[in-house]
Novice: 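Can you read through this structure? Questions will come right after.
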Amino acid sequence: DSSSVAVKSEVQGEKKPADEDDKDDKAAQSLLNKLIRSNLVSNTNQVEVLQKDPNSPLYSVKSFEELRLKPQLLNGVYGMGFNRPSKIQETALPMMLAEPPQNLIAQSQSGTGKTAAFVLAMLSHVEPNNKYPQCLCVSPTYELALQTGKVIEQMGKQYEEVKLVYAIRGNKLPRGTKLHEQIVIGTPGTMLDWCSKFKFIDPKKIKVFVLDEADVMIATQGHQDQSIRIQRMLPENCQMLLFSATFEETVWNFAQRIVPEPNIIKLKREEETLDTIKQYYVLCNSREEKFQALCNIYGAITIAQAMVFCHTRKTAGWLAGELSREGHQVALLSGEMQVEQRAAVIDRFRNGKEKVLVTTNVCARGIDVEQVSVVINFDLPVDRDGNPDNETYLHRIGRTGRFGKRGLAINMVDSKSSMNILTRIQEHFSKNIEKLDTDDLDEIE
Ligand code: ADP
């Protein structure tokens, strides 16, 4: 049962190097976003396209019908409630379904429809009467592989001849097994073993190779090498597809080693702005005073839903406890929780079961909770050197064009140094942050 799987389990009790932490963090965040995401992230930017052959016509589709999918698959797509292709799918799908198949590197933030796109491509290319693996898909972790597997199962629900198998640690097959499932999804190490050491899969018969979450993948050194070794065993005419949410230099170098002669498509994240946000600060002398100030504004902020950010887990835990003691209903999101638990907390908050979510900077990084209209910085965001973390400030408080509802941000200041941070944030964005007197709240109400 995948829903009980804990992301942390594989590393418990071991001391990990820093980059392992980072990798866990990235994989966990990605999983969390998948677990809580129930629809597409809207994006009004243009898709940038770089074609391998700039002379070949560039198709983009506005409907799934135009793709001439098998009826079972078209039904599968509609059965998932998709009415039309997402922005990235409009361009990616015709490229992936073209004859001859084209290689693709695609980048767009999580929630824009990449998984659905490559799942549809794999299902379209499978020859159901051939009872051997034809599509390989590698993901950075077991849990992420399971999530993608679920999408394959859902979309392929009416395509019963097509079967799926997981190449993941723990799934042990007898020696000499030859797989008859058409799609294999798994992590790089086991996938490589199944292709080379155990020969459960004949790599020469693979038609589509998908590498998902390339940015998470390269955070683990071994994964990069294993993926490249799998790729080298595949036939030259195998379609290579690579997806990533972000695209730093290192991801890009890796992508080019996996995907020869690629088409490249990118969809930039929508810009965030502070224009529609009212920003305030509250001057206090201690943590306790900050807590008192928060209690004073509590009634005003819980008209809407509010997120409260603290610098450490300890402060977040303390604050959530104190607020509960005052009789307030609050949710706590903490890094100590397993991913599944965190997803459940976010889900309850999104459904309005709790009005206030207390969390840490690290824990909430990369999570989009669109309907939050009040953000409280119980501690201001700072980086490791204690400098203002402007990017986090913007991401936490800012809005994108589409969700340009008015918002409210309240920053708690309790020392000279935090006042200094606030001043620098204010200067960075050239946006005034007004002083708020929490004994006189007419202003924010
Ligand atoms: P990504 O892989 O980029 O994170 P997903 O493919 O997981 O994005 O899609 C994000 C969410 O949007 C999922 O809940 C998915 O079911 C949904 N979705 C994907 N494509 C469409 C579409 N064309 N129409 C409506 N919803 C979609």
Side-chain angles (χ1 to χ4, degrees), residues 2-3 26-45 47-48 60-67 69 73-97 104-124 137-141 143-157 183 185 210-217 241-247 251 255 264-270 339 343 346-347 350-351 365-370 400 402-403:
S2 65
S3 63
K26 276 191 172 157
Q29 243 166 53
S30 179
L31 181 61
L32 199 51
N33 269 321
K34 280 182 204 274
L35 294 175
I36 62 175
R37 169 111 8 249
S38 49
N39 45 30
L40 285 166
V41 171
S42 82
N43 191 311
T44 51
N45 289 331
V47 175
E48 297 168 54
S60 88
V61 292
K62 293 286 178 202
S63 74
F64 286 111
E65 272 86 5
E66 289 170 70
L67 293 166
L69 300 166
L73 289 179
L74 191 60
N75 287 338
V77 167
Y78 287 140
M80 292 178 80
F82 301 178
N83 296 320
R84 56 202 288 310
S86 72
K87 200 90 172 234
I88 195 102
Q89 290 164 0
E90 286 178 0
T91 317
L93 285 171
M95 274 181 183
M96 292 192 286
L97 300 179
L104 177 69
I105 295 175
Q107 181 245 325
S108 62
Q109 82 194 81
S110 112
T112 46
K114 298 184 298 297
T115 306
F118 70 71
V119 166
L120 189 54
M122 287 199 290
L123 287 168
S124 297
C137 175
V138 290
S139 290
T141 65
E143 292 80 8
L144 287 166
L146 286 180
Q147 288 304 316
T148 305
K150 280 192 190 155
V151 180
I152 300 177
E153 273 163 26
Q154 232 182 326
M155 205 179 278
K157 202 149 81 190
I183 301 177
I185 170 156
V210 178
L211 194 143
D212 193 19
E213 313 236 13
D215 50 350
V216 183
M217 200 74 95
L241 308 170
L242 179 140
F243 298 85
S244 188
T246 60
F247 236 148
V251 182
I264 300 159
I265 64 178
K266 291 186 193 182
L267 179 60
K268 279 213 186 77
R269 186 181 258 282
E270 193 137 345
V339 170
I346 294 172
D347 219 41
R350 294 205 324 172
N351 293 326
R365 197 172 53 197
I367 298 169
D368 303 308
V369 187
E370 290 98 0
T400 62
R402 188 63 73 83
F403 295 104

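This chain uses plain numbering: 1 for the first residue, then up along the sequence. Each ligand, and each atom within it, is numbered from 1 in the order the structure gives.
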Novice: Can you check whether V339 reaches E143 side chain to side chain, under 4.5 Å on heavy atoms?
Specialist: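 They are not in side-chain contact.
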Novice: Can you tell me which residues line ligand 1 if we count any heavy atom under 4.0 angstrom from one of its atoms, in chain and number order?
Specialist: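 Residues near ligand 1: R37, S38, N39, L40, F64, F82, R84, P85, S86, Q89, Q109, S110, G111, T112, G113, K114, T115, A116.
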Novice: List the residues meeting salt bridge (Lys or Arg N to Asp or Glu O under 4.0 Å) with K268, not counting sequence neighbours, and say none if there are none.
Specialist: E48
Novice: Which pairs, with at least one residue in residues 78-88 and sequence neighbours excluded, count as a salt bridge (Lys or Arg N to Asp or Glu O under 4.0 Å)?
Specialist: R84-E90
Novice: Just by distance, no angles: are the side chains of S63 and E66 close enough, under 3.5 Å, to form a donor-acceptor pair?
Specialist: yes
Novice: Have E270 and T44 got a donor and an acceptor in their side chains that come within less than 3.5 Å?
Specialist: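 Yes, T44 and E270 have a side-chain donor paired with an acceptor closer than 3.5 Å.
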Novice: Applying salt bridge (Lys or Arg N to Asp or Glu O under 4.0 Å), name anything that partners E153, two or more places apart in sequence or on another chain.
Specialist: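 E153 satisfies salt bridge (Lys or Arg N to Asp or Glu O under 4.0 Å) with no other residue.
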